[in-house]
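Down below is the structure, laid out as structure tokens.
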Amino acid sequence: MKVGIIDYGMGNVFSVKNAFLHLGASVVVSSDWQVLQNSSHLILPGVGSFADGMKNLNELDLVQPLKEHLVHKKACLLGICLGMQLLADEGEEGGCTAGLSLIPGPVKKMQTQHSERLPHLGWNQVEWSQENALLNGIDSKTDFYFAHSYHFEAQDAFVIARTPYCGEFVSIVTKENVVGTQFHPEKSSKAGLRLLQNFLERTPSC
Amino acid sequence: MLKTRVIPTLLWKDYGLVKGKAFDSWRRIGSLLPAIRVYNTRDVDELIVVDITASREGHEIDFETVEEFAADCFVPLTVGGGLRHIDQVTKLLRSGADKVCLNSVCYESPQFVEESAKRFGSQCVVVSIDAKKTEQGYVCYSHSGSQIQNQSPVLWAKEMQERGAGEILLTSIDRDGLMEGFDLELIQEVCDAVSVPVIASGGAGNYDDFYKAVQAKASAVAGASLFHFTEQTPRQAKEYLSKKGVAVRQGAQ
């Protein structure tokens with residue numbers, strides 16, 4: 001297993017790298033596709049705006065090779081936070097922008113209710129809506145760490161967990177060899193590390 | 001449900017963990033790194049680490065030391081102290097901080113907050129506001145409480161939110177380190193004025209102080225002296241809050 005963290009200038013790759021090193025994986029951090037393409041497990045981390053994220057991925061010429069690589073099942077991909085949102089068809093943050101279109105649906109601003117505050121920042125429960133090996137060993141309703149104001153309106157078929165806030169939003173999506181978590185598993189203590197371990201056990205053909 | 005966070009605050013000076021009283025007479029109480037390891041093992045909700053001398057003495061935060069803390073930290077880590085250039089924020093995030101805490105620089109150039117939020121996202125920009133009660137009402141202070149600013153914390157918090165702060169760390173200078181309770185009036189006023197989360201800080205002496213801050217609408221509560229100097233722990237604080245009906249995270253045992 002070789003973990004490739006896509007470094008596209010969107011925030012802190014340190015924590016993600018640190019978490020995979022802790023799990024004993026071999027890790028490369030790069031913005032160069034020639035380096036990343038040898039990884040069995042790719043990570044798209046990221047904080048910041050949707051528009052900036054796509055702009056950077058495009059400028060680094062990562063979009064097409066990444067998509068082709070995934071279609072040919074050469075790797076698994078995990079998108080974290082903004083990285084999960086970029087899997088979508090489009091996002092409205094920073095102006096309506098096309099996403100990677102790996103999982104269908106748009107990313108929209110969350111709408112607060114009653115006394116809720118934004119960003120949705122802190123620990124909140126993640127409730128399983130489908131069984132998936134990614135969730136092995138973790139109880140439904142375990143708390144994970146979130147920091148975001150937008151959410152991915154994915155179709156039910158691709159949703160494996162939801163979280164109650166601003167009504168309810170999608171906290172884990174998956175389609176074939178692509179996974180996205182709205183929360184930060186690398187900052188979600190033991191449960192988060194377990195989820196990352198489960199991700200490493202996936203094979204690209206799934 | 002989004003949980004109320006209980007956050008140990010670690011003040012840092014020359015590699016040491018220090019304790020202050022009303023932002024003065026900081027004394028060394030131990031080493032920082034072992035303290036961070038203990039809190040990580042105890043699975044706290046989050047940690048805030050602030051270099052208290054960086055802005056006063058104008059030196060740069062030690063990024064290598066931050067990397068050392070971060071390597072042992074699998075919960076969110078907020079780091080602050082003397083940040084005044086955008087590349088320092090980049091470096092700090094690259095060193096493993098998940099959020100940066102800005103204070104003095106915001107008064108000198110409020111657009112720094114906008115630039116940071118645009119570049120890194122609001123969710124990693126925490127604006128720290130240190131306030132003191134005066135006869136004219138609450139007033140903000142910068143540079144670890146050493147410089148008065150012509151700003152009320154309520155208006156300043158609103159402006160910082162508009163400029164992109166994702167969270168406000170609100171500290172009462174008067175109550176800091178005294179363990180006699182938070183300044184609840186200050187917390188309530190600021191929480192009512194903004195829609196971003198507010199972390200109440202300065203004065204927690206027991207678990208009920210945390211409960212009172214939550215009643216005053218704080219999204220998170222920070223404590224230093226009570227965790228470092230008494231038998232009280234973040235875990236027991238959360239058990240207390242839970243019994244009072246506040247939703248908290250049950251960490252791993």
Side-chain angles (χ1 to χ4, degrees), chain A residues 7 9-19 21-23 29 46-53 81-82 93-94 112 115-125 127 138-139 141-150 163-166 183-194 196, chain B residues 1-7 40-46 66-67 70-77 89-100 116-126 161 165-168 191-192 194-199 217 219-220 247-253:
Chain A
D7 185 5
M10 300 303 286
N12 49 341
V13 292
F14 181 98
S15 304
V16 180
K17 180 184 169 191
N18 194 33
L21 288 176
H22 182 82
L23 293 172
V29 178
V47 294
S49 80
F50 192 100
D52 285 350
C81 195
L82 174 67
E93 185 184 12
T112 55
S115 58
E116 288 176 337
R117 292 169 187 265
L118 277 184
H120 173 236
L121 215 155
W123 298 80
N124 201 342
Q125 70 218 48
E127 302 179 10
I138 309 168
D139 292 332
K141 297 194 179 177
T142 295
D143 289 320
F144 285 83
Y145 182 76
F146 291 88
H148 63 116
S149 300
Y150 290 78
T163 294
Y165 202 74
C166 293
F183 50 84
H184 288 270
E186 76 283 11
K187 282 287 155 180
S188 295
S189 196
K190 294 180 177 73
L193 292 171
R194 178 63 200 257
L196 295 179
Chain B
M1 193 172 182
L2 184 61
K3 309 302 188 289
T4 296
R5 288 165 284 156
V6 175
I7 309 174
N40 189 50
T41 312
R42 289 183 182 166
D43 198 17
V44 292
D45 294 336
E46 188 167 331
V66 174
E67 266 189 44
D72 284 309
C73 189
F74 296 106
V75 296
L77 175 66
V89 176
T90 308
K91 256 170 110 176
L92 202 51
L93 292 172
R94 292 218 159 224
S95 305
D98 298 288
K99 298 189 265 190
V100 292
S116 303
K118 190 176 177 299
R119 184 96 62 103
F120 312 106
S122 285
Q123 71 289 331
C124 68
V125 179
V126 181
Q161 170 178 296
E167 198 168 21
I168 303 289
C191 288
D192 284 341
V194 296
S195 61
V196 296
V198 175
I199 306 169
K217 301 185 190 162
S219 295
V248 291
R249 164 178 170 258
Q250 308 293 337
Q253 295 299 311

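Convention: sequence-line order gives letters A, B, ...; per-chain numbering from 1.
- Between chain A and the options C124(B), S195(B), A70(B), G121(B), heavy-atom pairs under 4.5 Å are most frequent for S195(B).
- Comparing S15(A), P185(A), G192(A) by heavy-atom pairs within less than 4.5 Å of chain B, the highest count is held by S15(A).
- By the 4.0 Å N-to-carboxylate-O rule, K3(B) lies too far from D45(B) to be salt-bridged with it.
- Interface summary for chain B: among M10(A), E186(A), H22(A), the most heavy-atom pairs under 4.5 angstrom belong to H22(A).
- If you measure heavy-atom distances from L118(A) to chain B, the contacts under 4.5 Å come from the backbone alone.
- In terms of heavy-atom proximity, G166(B) sits nearest to P119(A) at O-CD, 3.3 Å.
- For the pair E167(B) (side chain) and I199(B) (backbone), a donor-acceptor distance under 3.5 Å is absent.
- With a threshold of 4.5 angstrom between heavy atoms, A97(B) approaches chain A through N, CA, C or O but not through any side-chain atom.
- Proximity to chain A is limited to the backbone of S95(B), based on heavy atoms less than 4.5 angstrom apart.
- Annotation for Y145(A) and S188(A): closest pair N-OG, 2.8 Å, computed over non-hydrogen atoms.
- Here the side chain of K187(A) pairs no donor or acceptor atom with the backbone of F146(A) at under 3.5 angstrom.
- Neither the backbone nor the side chain of V89(B) comes within contact range of chain A, judged by heavy atoms closer than 4.5 Å.
- Evaluation of the side chain to side chain contact (heavy atoms under 4.5 Å, CB included) rule for L2(B) yields H120(A), N124(A), Y165(A) as partners, not counting sequence neighbours.
- With respect to chain A, the highest number of heavy-atom pairs below 4.5 Å among L93(B), V196(B), V198(B) belongs to V196(B).
- Contact annotation for L193(A): only side-chain heavy atoms (C-beta onward) come within less than 4.5 Å of a heavy atom of chain B.
- With chain A as partner, the option from C191(B), A220(B), A247(B) having the largest number of non-hydrogen pairs under 4.5 angstrom is C191(B).
- Applying the side chain to side chain contact (heavy atoms under 4.5 Å, CB included) rule to K118(B) yields the partners D52(A); only residues at least two apart in sequence or on another chain are considered.
- Residues L92(B) and F120(B) are not in side-chain contact: their nearest non-hydrogen atoms beyond the backbone lie 4.5 Å or more apart.
- For R5(B), the part sitting under 4.5 Å from any heavy atom of chain A is the side chain, from C-beta outward, and nothing else.
- The candidate with the highest count of non-hydrogen atom pairs below 4.5 Å against chain B, out of R117(A), H148(A), H184(A), is R117(A).
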